[in-house]
*Asks:* 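Quick one: this structure, given as structure tokens, is what I'll be asking you about.
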Amino acid sequence: MIRIGVLGPVGSGKTSLISFLAKVYIKRGLKVGIITNDVVSPHDAIVIYKELVEKEKLLPKENLLGLVTGGCPHTAIREDPSLNLRALEVLQNKEIDMVFIESGGDNVMSTFSPLLADYTIFILDTSAGDKYPGKGGLGISESDLLVINKIDLAPYVNANLENMREDAVKVRKHKPTVFVSLKTMEGIDELIKTLDKELGI
Ligand SMILES: Nc1nc2c(ncn2[C@@H]2O[C@H](COP(=O)(O)OP(=O)(O)OP(=O)(O)O)[C@@H](O)[C@H]2O)c(=O)[nH]1
Ligand SMILES: [Mg+2]
């Protein structure tokens, strides 16, 4: 079971990315599991349930686990990942091929414990401006894949995508960065191509 940790600031597109990727890989025949971490409600699990279980009928409901962590999001994925480890155990018994773990929205220093994730995706969005990824932060520099989402919104906040690209190379060296819009689907082919190569699938 490949364990993919998805993290990034509040509202950057973690749930949207996981829903999209889950659809892609389920349609290819992989058995996908999803674990969401929310601080005070199972909101994201409900969003995914409505989309992937009820509407699309792609995800068996028992493959979706919504955790309510009740505290600092990075505690639940790094300092004390016990709740997430239990959830992974539950999915492991169902012979899942690939599991996405969504962290609660957090800051740029957020990282997954290696106990939880084999591969990590950090997602930023352009609507916060183009200062990141240049300002750095462990999550941005150390994640296996950086996804810069909401490129459709870049013109509205004068975010310069070329600057962001150059900064990403400086901060991340040879690790990949992709630019996408999960609304218009621009950049999606590159995202899937990169992820397939990275995961060897
Ligand atoms: N314009 C635009 N909106 C997007 C895009 N991707 C996601 N959104 C919207 O951004 C909002 C937040 O997306 P989510 O996927 O919920 O973000 P998140 O990172 O999971 O949010 P939290 O879990 O609350 O931290 C939603 O209203 C999405 O529809 C995009 O590429 N462009
Ligand atoms: Mg979310």
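Counting starts at 1 for both ligands and their atoms, following the listed order. Side chains are part of it too, since the values below use all heavy atoms of this structure and drop only hydrogens, waters and symmetry mates. Given the structure is predicted, the values throughout are model-derived calculations rather than measurements.
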*Asks:* What donor-acceptor contacts under 3.5 angstrom involve side-chain atoms of residues 53-60, with partners at least two apart or in another chain?
*Replies:*
{"from": "Lys57", "atom 1": "NZ", "to": "Glu54", "atom 2": "O", "distance (Å)": "2.9"}

*Asks:* Tell me, which residues have any heavy atom less than 4.0 Å from some atom of ligand 1?
*Replies:* Pro9, Val10, Gly11, Ser12, Gly13, Lys14, Thr15, Ser16, Asp44, Glu102, Gly105, Asn149, Lys150, Asp152, Leu153, Ser181, Leu182, Lys183
*Asks:* Partners of Pro176 by side chain to side chain contact (heavy atoms under 4.5 Å, CB included), sequence neighbours excluded?
*Replies:* Leu145, Arg172, Thr194, Glu198
*Asks:* Looking at Lys14 and Pro9, would you say the former's side chain and the latter's main chain have a donor-acceptor pair under 3.5 Å?
*Replies:* yes
*Asks:* When you measure from the side chain of Ser12 to the backbone N and O of Ile123, does any donor-acceptor pair fall under 3.5 Å?
*Replies:* yes
*Asks:* In the structure I gave you, are the side-chain heavy atoms of Leu191 and Val147 within less than 4.5 Å of one another anywhere?
*Replies:* yes
*Asks:* Picking from Thr69, Thr111, Asp106, what satisfies side-chain hydrogen bond (donor to acceptor under 3.5 Å, both in side chains) with His74?
*Replies:* Asp106
*Asks:* How many protein N, O or S atoms are found at a distance of less than 2.8 Å from the Mg ion (ligand 2)?
*Replies:* 3
*Asks:* Are the side chains of Pro73 and Asn37 in touch, meaning some heavy atoms are under 4.5 Å apart?
*Replies:* no
*Asks:* If only atom types and distance count, is the side chain of Asp97 paired as donor or acceptor with the main-chain N or O of Leu30 below 3.5 Å?
*Replies:* no
*Asks:* Tell me yes or no: between the side chains of Thr177 and Arg165, is some donor less than 3.5 Å from an acceptor?
*Replies:* no
